[in-house]
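See below for the structure under consideration.
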Amino acid sequence: MTAVASLAACTSSSATSAANQQSSTLQDVIKRGTLNVASCLTFPPFGSMDKSNKPQGFDVDVATAMATALGAKVKIVDTTSANRIPNLQTKKVDAVVCNFTTTAERAKQVAFSDPYIVAGEVMLVKKSSGVSSLKDLSGKTVAVTKGSTNGDAVKAGNPKAKIQEYDTSAAAVLAVKQGQADAMVEDSNFLNYQAKQDPSLKVTKDSVVPLEYNAIGLPQGDATWLQWVNTWLREFNTSGQADALYKKWFGVDRVYPLNPSY
């Protein structure tokens, strides 16, 4: 009886292990033939809509390259910063490629791949604003996006600053342009691009956060999927494809290297 029970237990364990392996998002995507990716399409040049109303941008191209490596098509799901984690938790998407900064707090809810882009967090202001550093924000309104870490970073650097949250980065940029906010804090890659588009704006040299590492967000508890994404990312980053896409969308070489620099 003991041998039979032991054999049954082993068989059950093996069956469970095989079932878990087959239930990986990796297998689901390959079988489905479609990779569902959440990207922020109000965050150019990371994500936006082209004249034909189709998704475009650096993050969109990263997601497309990832799908191609899987032999699948990509389906881009427009999202906001605040909805990145819920989209993963409800399995609406297989991955999030949307300027997703890795933090220990967020890692309690989602898994993160290795970084694919590095940024500083800086301020976008009008050239005539007189704002050049965090100390200049006392009593002033700072625009940030909901679901980002930027409001906390500003408060830590200057408790006297007033934080105003917006649903999208595009809305926060508009608030600065229209004088509803004195500054916006966001990813340096994004804000440098915005300043190039509007000569009345500038990016301050003072960093709110020195460096942040942005990664692909993935569902928790799926080691097979995480391993594949990290393996693909290593190939994507070392082949020169990632650098070429950055140059395509930002018009310059990467400002910060991918290797960690603390």
Side-chain angles (χ1 to χ4, degrees), residues 14-102 106-107 109-117 147 168 213-249 258:
S14 298
T16 301
S17 176
N20 287 339
Q21 185 175 7
Q22 291 302 313
S23 66
S24 169
T25 302
L26 175 62
Q27 301 300 329
D28 292 342
V29 170
I30 293 173
K31 182 177 180 180
R32 188 194 312 141
T34 303
L35 174 67
N36 299 318
V37 179
S39 286
C40 302
L41 299 181
T42 56
F43 198 65
F46 285 94
S48 62
M49 302 297 284
D50 66 14
K51 294 179 180 179
S52 301
N53 210 34
K54 294 181 179 179
Q56 65 173 2
F58 178 75
D59 279 347
V60 174
D61 279 359
V62 170
T64 302
M66 185 174 162
T68 299
L70 287 162
K73 296 179 180 179
V74 68
K75 178 182 178 182
I76 300 297
V77 178
D78 190 13
T79 189
T80 61
S81 295
N83 285 330
R84 290 176 297 194
I85 291 176
N87 279 335
L88 284 171
Q89 292 178 326
T90 59
K91 298 185 178 181
K92 184 176 181 180
V93 298
D94 307 305
V96 171
V97 185
C98 171
N99 201 242
F100 210 178
T101 302
T102 62
R106 286 172 174 167
Q109 303 178 74
V110 299
F112 284 111
S113 72
D114 294 333
Y116 70 98
I117 192 168
T168 67
Y213 297 87
N214 296 333
I216 296 174
L218 303 167
Q220 274 192 333
D222 193 338
T224 300
W225 183 221
L226 176 61
Q227 180 185 39
W228 185 88
V229 172
N230 279 336
T231 302
W232 169 75
L233 265 180
R234 184 167 60 250
E235 295 177 355
F236 178 68
N237 288 324
T238 58
S239 67
Q241 189 177 5
D243 288 338
L245 287 181
Y246 189 92
K247 187 71 175 281
K248 168 188 173 182
W249 287 103
L258 276 172

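Given the structure is predicted, the values throughout are model-derived calculations rather than measurements.
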Donor + acceptor pair across side chains of Ser39, Asp59 (<3.5 Å)
no
Between Lys92 and the options Val77, Asn83, Thr79, the side chain to side chain contact (heavy atoms under 4.5 Å, CB included) test singles out Val77
Looking at [atom1] of [X] and [atom2] of [Y], how far apart are the two atoms once the value is rounded to the nearest 0.5 Å?
| X | Y | atom1 | atom2 | result |
| --- | --- | --- | --- | --- |
| Leu26 | Asp222 | CG | CG | 8.0 Å |
| Thr238 | Asp243 | OG1 | CG | 10.0 Å |
| Phe112 | Leu226 | CZ | CG | 11.5 Å |
| Arg106 | Thr101 | CZ | OG1 | 5.5 Å |

Would you say that more than 12 heavy atoms from the other residues, nucleotides or ligands in this model lie under 6.0 Å from the CD of Gln89, or not? yes
Original post:
Using 30° and 60° as the class limits, which term best fits the ring planes of Tyr116 and Phe58: parallel, tilted or perpendicular?
Top reply: parallel
Hits for side chain to side chain contact (heavy atoms under 4.5 Å, CB included) against Arg32, two or more places apart or cross-chain, chain-then-number order -> Asp28, Val29, Thr34, Asn36, Asp94
Can you check whether Cys40's main-chain N or O pairs, donor with acceptor, with Arg84's side chain at less than 3.5 Å? no
Item checked: Any side-chain heavy-atom pair of Ile216 and Val97 under 4.5 Å -> yes
Query raised in the report: Under a 4.5 Å cut-off applied to non-hydrogen side-chain atoms, are Leu245 and Phe236 in contact?
Result: yes
